[in-house]
**Q** 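Attaching a single structure in structure tokens format; questions to follow.
Heavy atoms only: backbone and side chains are in, while hydrogens, waters and symmetry mates are out. Numbers here simply count residues along the sequence, with the first being 1.
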Amino acid sequence: MNDRRQDSARQSALDYHEFPRPGKLEIRATKPLANGRDLSRAYSPGVAEACLEIKADPANASRYTSRGNLVAVVSNGTAVLGLGNIGAAASKPVMEGKAVLFKKFANIDCFDIEVNESDPEKLAEIVCSLEPTFGAINLEDIKAPDCFIVEKLCRERMNIPVFHDDQHGTAIVVGAAATNALRVAGKTFTDIKVVSTGGGAAGIACLDMLLKLGVKRENVWLCDINGLVYEGRVEDMNPQKAAYAQASDLRTLDEVIEGTDLFLGLSGPGVLTPEMVQKMGKQPIIFALANPTPEILPEDARAVAPDAIIATGRSDFPNQVNNVLCFPFIFRGALDVGATTINDEMEIACVEGIAALARATTAAEAAAAYRGETLTFGPDYLIPKPFDPRLIGVVSSAVARAAMESGVATRPIEDLDTYKRKLDSSVFRSALIMRPVFEAAATATRRIVFAEGEDERVLRAANAMLEETTDVPILIGRPEVISMRAERAGLPIRPERDFEIVNPENDPRYRDYWETYHHLMARRGVSPDIARAIMRTNTTAIGAVMVHREEADSMICGTFGQYSWHLQYIRQVLARDGLQPVGALSMIILEDGPLFIADTQCHNDPTPQQVAETVIGAARHVRRFGVTPRIALCSHSQFGNLDSYTGRKMRAAMELLDARKPDFMYDGEMHVDAALDPALRERIFPGSRLEGAANTVIFPGTDAASGVRNALKMCANGLEVGPILMGMGNRAHIVTPSITPRGLLNMSVLAGTPVAHYS
């Protein structure tokens, strides 16, 4: 059975690399090349202008070429993963993989370069000759001690960052994990005894990092395959090992392990035995980082030391020490400030940023990626997960700051807060477009009630509200369930202490609520018994009653169930005093900007009057995002070429709009491609009222609007903000079951914006 599984996994990995096309990388053009004019600018003669600018000032290479965002991953294949010296060509899949990680996690372009050269000085010469092409160099999988020589020579000769990730990347993540492990154990760097096994590039770099963090040199004991590294030893020694030689008569790991606080293993399987663990100090910290089999398995260590704090290099155990937590983000920060090197200050900033993130509340996106794992700071969660989207903002900005403060930045960033927001927006795609809404919401404190308060996504959104906004969340749900789920999700928030709870099963306001609902609905067939039952079981109705009674300013519902089901209760309770659902507006964030779509939910077959109201409402809400509305009324008919039902409807809506003389740009009826392609529209209908591409498209029914919305989400990787329920004075919004915690936070901020800001 195991053999079959291994064969299947092996074939799956090979297929991944071979199909649908070989390899993991391709090159794509970033500029158009569609006609002769494009060609003349991309190549001769226009390219000469960029060449001359760079000749005049080499720093202009970062303005006119990709150099400022381009990293080389260089290897000679002499120490690849756990495979050893497999040669340059065989290392290429690993280097391609590294390039993919650069792109995925930090949007850094990368070329992998495999070099057939085993002489470290000649390899360094080759790498140095690449400086005109790249903004930074990542050395990878070069055996020790050659890697020390190559990096030293390159750093001395090159004026761009050179970073051997096997050394420093591992060291940084180990430093972050050790920082937090010591915090959990109540120990300090200055007081601990460290025993390390390995003595290779990564092991030496990790020890160097621990010294930078405060460990005393005399408290470090290094062992390799030949035993303790001691003063006077000549066998298998190099200057890097010799720096950690101890003046001692002890010779074996078993002899030196007594009383150890931190074991750091970068060696091989089975090196640390349970008997050795028993000799270690109280609450021992064990970093068994050999791959694929660690120096000791966590269950074996805990069998003799239940309080042990353990990290490995494997993803199937807690606390995986993974270089991807570091290298994309330290390079991102270094490139963005034009750093000439990566120095100690930048590495320490990286350590501190990674460690601090693990102590903060877990990102909802990371929790979703690692569902079922405990992501609460403690013995089993010392460092963040690689897919924590906050890493780029926190770590890269810290690195950039350190580069500037230490004097190695050639392009300092004036506003680091703005820089961090820009980095965050690269992973939280809604961050940039939502910024005006967040700023407007900050001018007031509003009470937002969530109908489905027991949902983990709601709990994460409520926690984020408390951290990022001035609004007050109110959750409808059972207190014990909310407490249990918040604790399970690793969230610090608790009912009553951090937010108000409405318990449908036992709330002192129950009588007031059902009587209010009955008063509103008595002439619509709702008896007192029905009102009582609804106020016990229907959290959407409860939330609407709270808003009606002014116990909350706005409500959010819809994380499960049909949109129309929720809408009927909002209509029953809140559609009065001139408020009426006009339509649902969805903003889809695409690669080249946002596209607003309506009506995606409310009116299956709206009247021309309802279409016109939807257009006016959409224009008002689009402006909330700092966007000037350009609205297209879409149908199968195009400027009267078909006498179709939808065409007649949209033409009638146009007449109603024209009579009202609104202060925004709109036109119709037209096809979607004409709405989004000004050149096509001009050819079909010269002199259209629209200028440029439409940013808002209004459809004659929810089938079309919702279909386009879902197609863009699934096929164009669009991110939805919404749906925004228009016409209800910001008193209620209904989301959809696919919403994420970040989406709920965005909706809470929209709900938290006072009506005066967009009415």
Side-chain angles (χ1 to χ4, degrees), residues 356-371 375-377 381 384-385 387-394 417 420-421 423-477 482-483 485-495 497-501 552-559 587 589 719-722 724 733 735-736 738-753:
L357 262 186
R359 298 194 297 269
T361 304
T362 305
E365 289 77 5
Y370 299 96
R371 187 168 295 277
L375 303 184
T376 306
F377 177 66
Y381 187 68
K385 294 290 188 176
F387 285 96
D388 191 322
R390 300 167 301 172
L391 280 162
I392 189 169
V394 170
D417 290 336
K420 182 179 181 300
R421 284 196 294 269
L423 292 173
D424 286 337
S425 70
S426 69
V427 284
F428 297 121
R429 283 191 291 155
S430 62
L432 196 60
I433 191 71
M434 286 295 297
R435 186 178 173 190
V437 184
F438 271 82
E439 291 174 349
T443 63
T445 297
R446 285 168 58 84
R447 299 158 298 169
I448 315 297
V449 58
F450 290 88
E452 296 96 20
E454 296 176 1
D455 191 299
E456 183 181 320
R457 293 168 295 173
V458 170
L459 294 175
R460 293 190 177 280
N463 185 73
M465 283 176 64
L466 293 169
E467 290 181 344
E468 300 183 35
T469 76
T470 59
D471 294 326
V472 177
I474 303 170
L475 274 56
I476 301 176
I482 290 174
S483 292
R485 290 182 179 173
E487 185 173 358
R488 186 177 64 192
L491 299 171
I493 55 173
R494 294 295 181 270
R497 185 191 71 191
D498 300 302
F499 50 84
E500 182 184 339
I501 287 283
D553 297 299
S554 187
M555 68 170 290
I556 296 174
C557 59
T559 58
M587 176 173 68
I589 302 173
L719 177 70
E720 182 179 22
V721 174
I724 301 166
H733 293 287
V735 300
T736 57
S738 62
I739 198 160
T740 64
R742 172 62 52 169
L744 280 167
L745 173 63
N746 287 335
M747 290 306 299
S748 75
V749 175
L750 285 162
T753 308

**Q** Might you point out which heavy atoms bring Tyr381 and Ala358 nearest each other, and give the distance in Å?
**A** CE2-O, 3.6 Å
**Q** Any side-chain to backbone donor/acceptor pair from Asp498 onto Arg494? Under 3.5 Å, distance only.
**A** yes
**Q** Check whether more than 12 heavy atoms from other residues, nucleotides or ligands sit under 6.0 Å from atom CD of Glu468, and answer yes or no.
**A** yes
**Q** If every non-hydrogen atom of Gly453 is compared with every non-hydrogen atom of Val458, which pair is closest and at what distance?
**A** CA-CG1, 4.0 Å
**Q** Which atom pair, heavy atoms only, marks the closest approach of Ile474 to Ala552?
**A** CD1-CB, 4.2 Å
**Q** If you measure from CD on Glu454 to OG1 on Thr559, what distance do you get to the nearest 0.5 Å?
**A** 10.5 Å
**Q** Quick one: closest heavy-atom pair of Ala462 and Ile493, and the distance?
**A** CB-CD1, 4.5 Å
**Q** Do the side chain of Arg460 and the main chain of Ala489 share a donor and acceptor less than 3.5 angstrom apart?
**A** yes
**Q** Please find the pair of heavy atoms, one from Asp388 and one from Arg390, that lie closest to each other, and give the distance.
**A** OD2-NH2, 2.6 Å
**Q** Distance check, rounded to the nearest 0.5 Å: Asn746 atom CG versus His733 atom NE2?
**A** 12.0 Å
**Q** Quick one: pull up CG in Leu475 and CD1 in Ile448 and give me the separation to the nearest 0.5 Å.
**A** 12.0 Å
**Q** Going by heavy atoms in the side chains, are Ser748 and Thr469 under 4.5 Å from each other?
**A** no
**Q** Decide, yes or no, whether a salt bridge links Asp471 with Arg446 under the criterion of side-chain N to carboxylate O below 4.0 Å.
**A** no
**Q** Nearest 0.5 Å, please: how far is CD1 in Ile501 from CD1 in Ile482?
**A** 3.0 Å
**Q** Would the distance check show the side chain of Glu452 and the main-chain N or O of Gly558 forming a donor-acceptor pair, the cut-off being under 3.5 Å?
**A** yes
**Q** Taking all heavy atoms of Leu423 and all of Gly393, pick out the closest pair and write down the distance.
**A** CB-CA, 4.0 Å
**Q** Of all residues at least two apart in sequence or in a different chain, which pass the salt bridge (Lys or Arg N to Asp or Glu O under 4.0 Å) check with Glu500?
**A** Arg509
**Q** Any Lys/Arg nitrogen of Asp417 or Arg421 sitting under 4.0 Å from an Asp/Glu carboxylate oxygen of the other?
**A** no
**Q** To the nearest 0.5 angstrom, please state how far the CZ atom of Arg742 sits from the CG atom of Leu719.
**A** 10.0 Å
**Q** Could you measure the distance from the CD1 atom of Ile739 to the CD atom of Glu720? Nearest 0.5 Å is fine.
**A** 7.5 Å
**Q** Are the side chain of Arg457 and the backbone N or O of Leu744 linked by a donor-acceptor pair below 3.5 Å?
**A** no
